Amino acid sequence: MTRHVEVIYPKTHLRVLSRYEIQRLKNFSGPTHELLRRCCYAVLSAGSQNDDYLDLENEFRDFDIEVTQEERGIVLKLTSPPDSAFVDDEIIRGVREQLFAVLRDVLYAQDSIIETHRFDLNNGEDITNAIFHLLRNANVLKPDRTADLIICWGGHSIPRHEYQYTKDVGYQLGLRGLDIGTGCGPGAMKGPMKGATIGHAKQHICDGRYIGITEPGIIATEAPNPLVNELVILPDIEKRLEAFVRLAHGIVIFPGGPGTAEEILYLLGVLSHPANQTIPFPLIITGPEECRSYLNDIDQFIGDTLGPEAQKRYQLIINDPQAVAVAMKQGTEKVREYRRLIEDAYFYNWTLTIDEKFQTPFDPTHDNMAAIELSYELPQHQLAANLRQVFSGIVAGNVKATGIKRVEKYGPYKIHGDPKILKGMDTLLSAMVHHGRMKIQGEYTPCYKIVASPD
């Protein structure tokens, strides 16, 4: 039976607030209220395997949130929250922490970063500083930790044997004292965390970190998994991706769909920048034996579009979790030595140069998608940025509310470009559809159409 109203008190985040801050929390309305409502419902639905926006829209129609004030601080009142967030009428502790993390990040970003114009969010350096402030406010920047955070990317829609492989890799990473960060959803974002918890437990590591980094358009339809003990919500996908690479000491990429391809292209575009050529950044693409042909498709696509130099920036390791963990451990040691040599922080990679095109939010309207230039005449890092935008649009058309509604109204996105690039993209996207990497469940209807370049 659905609960009518539940009253939730903060235990960690937002326990100590000024009267001004409490007033700001109480007065959120309009689009901000709707954003909070959607994100909080997603957190309360942790563990859900539904990524269909329209189904979720129906499920949370009766849900609402209200912030009220007591002498000790704030109280969160939830109307008709999902039963799965409670055990014996008590909210699950991890869900409670994630709930107040949503409140903290969405409102801090709105109040202290966006509305105050404290930073020029059209300027690359200011964007990097804004991300630093958001992460510091979320308390994920740990100056007493060394280079031990491995970011894991991969699909949310994966079969059981792939999920088991991500757990095996996470276990090997955990045995070596490495922490895990992911996009915080299901599938390849949950598996490494689950495996690492066992590895950490065997090594008697009691302060293992399982960091989830997301953004409102994703969390609203892809609930964070319950293993996340540090949840951070960035304002948009570009700031989320920059947060990943500036926090990471190494990245492991598992098989995934267009969202994973977007992340790969983003990272390769950053690492391909001329200013980043000498910066150590361990990167591994991996999966079980059953994924060999698909991983080879990804490798081939990278070679066909960005060239062999981009392929040299990563290792391709298939069906060997221990080899992945050993290579990552060795890679983080090189990162540690490099950061020590140049006196850069362990907890935030200030030295990476990130082109402003990777930092500026891309709005996947039909006109913007059709205007993306895909040409071999572009510098490698700029072509990667444009390819990243294409896959970002496909992600929006698949799982984000605005993208889904646009495709419903105007039809599939049209993608133009060099015929060879389009052919490679079509091959990879077709493989994603064939392997069921576009949706967790149900038949997939493409939100894109690859067409010849306009004259």
Side-chain angles (χ1 to χ4, degrees), residues 122 124 127 236-238 241-242 245 253 256-277 283 285 295-314 316 352-398 403 406-407 410-433 438 446-455:
N122 293 310
I127 290 171
D236 53 59
I237 188 67
E238 286 77 14
L241 288 169
E242 183 168 349
V245 300
I253 302 175
T260 305
E262 177 186 6
E263 291 164 341
I264 293 173
L265 291 164
Y266 177 93
L267 182 54
L268 289 178
V270 169
L271 297 180
S272 297
H273 193 285
N276 297 330
Q277 296 304 304
L283 171 59
I285 298 177
L295 293 177
N296 286 333
D297 287 340
I298 294 173
D299 183 49
Q300 185 66 46
F301 173 73
I302 294 168
D304 289 344
T305 54
L306 302 180
E309 288 302 313
Q311 290 174 306
K312 293 177 183 177
R313 294 305 309 232
Y314 59 86
L316 184 61
L352 273 178
T353 297
I354 298 182
D355 193 278
E356 287 186 9
K357 189 161 188 178
F358 287 102
Q359 297 178 301
T360 306
F362 173 69
D363 184 15
T365 64
H366 281 66
D367 286 344
N368 286 345
M369 287 288 283
I372 295 173
E373 182 182 2
L374 300 178
S375 168
Y376 288 115
E377 295 180 2
L378 295 170
Q380 186 185 83
H381 65 284
Q382 291 183 16
L383 175 56
N386 291 359
L387 287 167
R388 199 281 300 181
Q389 289 181 342
V390 172
F391 282 94
S392 182
I394 293 172
V395 171
N398 282 351
R406 283 170 176 167
V407 171
Y410 301 111
Y413 292 121
K414 293 182 179 179
I415 303 169
H416 306 274
D418 183 284
K420 186 177 178 181
I421 294 175
L422 292 181
K423 182 179 179 181
M425 180 173 289
D426 187 39
T427 299
L428 182 59
L429 288 169
S430 297
M432 290 178 182
V433 174
M438 294 293 197
C447 65
Y448 60 89
K449 183 177 181 181
I450 294 178
V451 296
S453 293
D455 295 331

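All figures in this text were calculated on a predicted structure; none of them were measured in a lab. Heads up: numbering here begins at 1 and tracks the sequence.
Considering only heavy atoms from C-beta on, K449 stays 4.5 Å or farther from Y413 through its side chain. Side-chain contact between R406 and C447: absent, with no pair of heavy atoms (C-beta onward) separated by less than 4.5 Å. For the pair F391/M425, a side-chain contact is recorded, criterion being any heavy-atom separation below 4.5 Å from C-beta on. At a threshold of 4.5 Å between non-hydrogen side-chain atoms, the residues D297 and M432 do not count as touching. Residues E356 and I127 have side chains not in contact (no heavy-atom distance under 4.5 Å, counting atoms from C-beta outward). Under the 4.5 Å side-chain criterion, counting only non-hydrogen atoms from C-beta, I421 is in contact with L387. Residues L316 and I285 meet the side-chain proximity criterion, which asks for heavy atoms closer than 4.5 Å. Residues I302 and I298 are in side-chain contact: their nearest non-hydrogen atoms beyond the backbone lie under 4.5 Å apart.
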CA sep, side-chain torsions, deciding dist, call: Y314, L268, side-chain contact (heavy atoms from CB on, under 4.5 Å) = CA-CA 9 Å; Y314 59 86; L268 289 178; 4.1 Å; yes
Hey, mind stepping through V451 and H416 against side-chain contact (heavy atoms from CB on, under 4.5 Å) and telling me if it holds?
-> CA-CA 6 Å; V451 296; H416 306 274; 3.1 Å; yes
Would T427 and D304 satisfy side-chain contact (heavy atoms from CB on, under 4.5 Å), going step by step from the backbone distance to the final call?
-> CA-CA 11 Å; T427 299; D304 289 344; over 6 Å; no
Going through the checks in order, is the side-chain contact (heavy atoms from CB on, under 4.5 Å) test met by N386 and K357?
-> CA-CA 9 Å; N386 291 359; K357 189 161 188 178; 2.4 Å; yes
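Remark: Y376 OH is packed, more than 12 non-hydrogen atoms of other residues, nucleotides or ligands lying under 6.0 Å away. The environment of E377 atom CD is sparse: at most 12 non-hydrogen atoms of other residues, nucleotides or ligands sit within 6.0 angstrom.
Taken to the nearest 0.5 Å, the OH atom of Y448 stands 6.0 Å off from the CD1 atom of I394. Expressed to the nearest 0.5 Å, how far CD of E242 lies from CZ of F358 amounts to 11.0 Å. With rounding to the nearest 0.5 Å, the separation of OG in S272 from CD in E309 is 9.0 Å. We find the CG-CG distance between N276 and L352 to be 5.0 Å, quoted to the nearest 0.5 Å. With rounding to the nearest 0.5 angstrom, the CD atom of Q359 is 11.5 Å from the CG atom of L241. With rounding to the nearest 0.5 Å, the separation of CG in L306 from CG in L265 is 6.0 Å.
Nearest heavy atom pair, residue Y266 against residue E238, reads OH-O, 4.2 Å. Across all non-hydrogen atoms, the minimal contact from L267 to V245 is CD1-CG1, 3.7 Å. Between N398 and P258, the shortest heavy-atom distance links the atoms ND2-CG, 3.7 Å. A pairwise comparison of heavy atoms in V390 and M369 identifies O-CE, 3.5 Å as the closest pair. Closest approach of G417 and L422 over heavy atoms only: O-CD1, 3.3 Å. Closest heavy-atom contact between N368 and I372: O-CG1, 3.3 Å.
A distance-only check finds a donor-acceptor pair linking the side chain of Q311 to the backbone of D299 [under 3.5 Å]. No donor-acceptor distance shorter than 3.5 angstrom exists from the side chain of E262 to the backbone of Q389, with no hydrogens or angles considered. Of the possible donor and acceptor atoms, one in the side chain of Q277 sits under 3.5 Å from a partner among the backbone N and O of L271.
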